Amino acid sequence: MKTTIKEAKHYINQEVTIGAWLTNKRSSGKIAFLQLRDGTGFMQGVVVKADVDEDTFQLAKDITQETSLYITGVISEDNRSDLGYEMQVKSIEIIAEAHDYPITPKNHGTEFLMDHRHLWLRSKKQHAVMKIRNEIIRATYEFFNNTGFTKIDPPILTASAPEGTSELFHTKYFDQDAFLSQSGQLYLEAAAMAHGKVFSFGPTFRAEKSKTRRHLIEFWMIEAEKAFCDHNESLEIQEQYVTHVVKSVLENCKLELNILERDTEKLEKVTTPFPRITYDDAVEFLKEQGFDDIEWGEDFGTPHETAIANHYDLPVFITNYPTKIKPFYMQPNPDNEDTVLCADLIAPEGYGEIIGGSERINDLALLEQRIDEFELDPESYSYYLDLRRYGSVPHSGFGLGLERTVAWLSGVEHVRETAPFPRLLNRLYP
Ligand code: 4AD
Ligand code: MG
């Protein structure tokens, strides 16, 4: 019977064949322990000299790291392994030998590993991080489908900039100038006027010269937009969505979280509602905490966000930022016109901002004024203004950065390990 490492649990005490790669091995005169992986998981194969023919035992001792093979044997229960079972090997058929695999079980530096990202993806921890990424994506589609959102795919090649013009990737679009998408938001707003509740999931590009553990040049964003929705209702959707994602990862990625040695206690505490603090109160709080460098009107940096997040130990919404540090499209706060109806969601444990969201300006004249103040070209926003010309309604939305969310839930330090092939300030290869 041909099966996989993951499905082998259904074949206890039965003989199966699995296509796999050898990741590591240990052998003595009488027994060889083969560490195998097949994409679905990692499993030990035990080759006992007395139980196999001489050629098979010799082969087991000689196989090199990352050689591909078909391995046949009986699945037996083993409480010491993560999986709960291993294979008592009967025979081995080599598919392709690998020699001098660059990533050996010893420690390598990060740059070396990043240079070999195409191979590094095979290692146990990197494999676990990608599985968690996949679960977040799966749970995202589940959440939005279950709550009546329609997936709409905004374009990647665009003529306008939603999030400010300084971080745009330029490209030629035949004889026109084009930009790689910074956010699908403006298009999602149009789609929300057609479908009511919409979401998207796609790559996003920011030519930011930031070299931090939270910044990628290319990252994937989940965005949602809802018509007839004020800012507070949007916050409720956000906290329900994030809670659903956290619960799904805790439930469906136990093995992976274990491999990553993630302390799950803090994740288990994540439930709605999330604490909310206004920007004004956050500034006061930071001053009380001894941050003398922060002045009203300035954006928060990593240490500020971390101090606020640590205070709550839960994801926390910082609401109503000053108008002048946020994009042009945000609805003014009726209680204080110097601020806008927006929120950033800050993840616990120092993982930083994972969501940016807001209520959008729905008044045509105000939006025109803002486009003017921001010195944007009104012509490239003409379609966006049409949404306010033809049946404008209050609407709100948000965007969640996938890689930062993966980093938080997996507990990995740096977002470079949360994308399969991260694009960083100094890295376009592999
Ligand atoms: O806060 P941002 O810039 O918001 C928007 O783009 C809105 N248009 C979204 C919307 O309302 N539809 O980005 C949203 C999220 C951030 O909170 C962060 O998680 C992530 O995207 N993000 C990045 N992730 C990795 N690397 C970068 N350079 C990122 N920039 C933003
Ligand atoms: Mg933001």
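Note that ligands are numbered from 1 as they come in the structure, with each ligand's atoms numbered from 1 the same way. Just so you know, these numbers come straight off a predicted model, no measurement behind them.
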Test ring pair (Phe, Tyr, Trp, His ring centres under 6.0 Å) applied to H304 - qualifying residues, sequence neighbours left out:
F291
Examine distances only and state if a side-chain atom of S68 and a backbone atom of A96 form a donor-acceptor pair shorter than 3.5 Å.
yes
CG of L83 to CG of D78, rounded to nearest 0.5 Å, is 9.5 Å
Quick one: which residue pairs count as a salt bridge (Lys or Arg N to Asp or Glu O under 4.0 Å) with a foot in residues 334-355, not counting sequence neighbours?
R262-E349, K326-D344
Under-4.0 Å salt bridge between R360 and E225:
yes
Should R133 and E256 count as an ion pair when the cut-off is N to O under 4.0 Å?
no
When you look for protein heavy atoms under 4.0 Å from ligand 1, which residues do they belong to?
E163, S183, Q185, R206, E208, R214, H215, L216, F219, M221, E223, Y329, E353, I354, I355, G356, R360, G397, F398, G399, G401, R404
Between F143 and F149, is the gap from one ring center to the other below 6.0 Å?
no
For a ring pair (Phe, Tyr, Trp, His ring centres under 6.0 Å) with Y279, tell me which candidate from F285, F317, W296 qualifies.
W296
Pairing of D177 and K172 as salt bridge, 4.0 angstrom limit:
yes
Spell out the protein N/O/S atoms under 2.8 Å from the Mg ion (ligand 2) as residue plus atom name.
E353 OE2
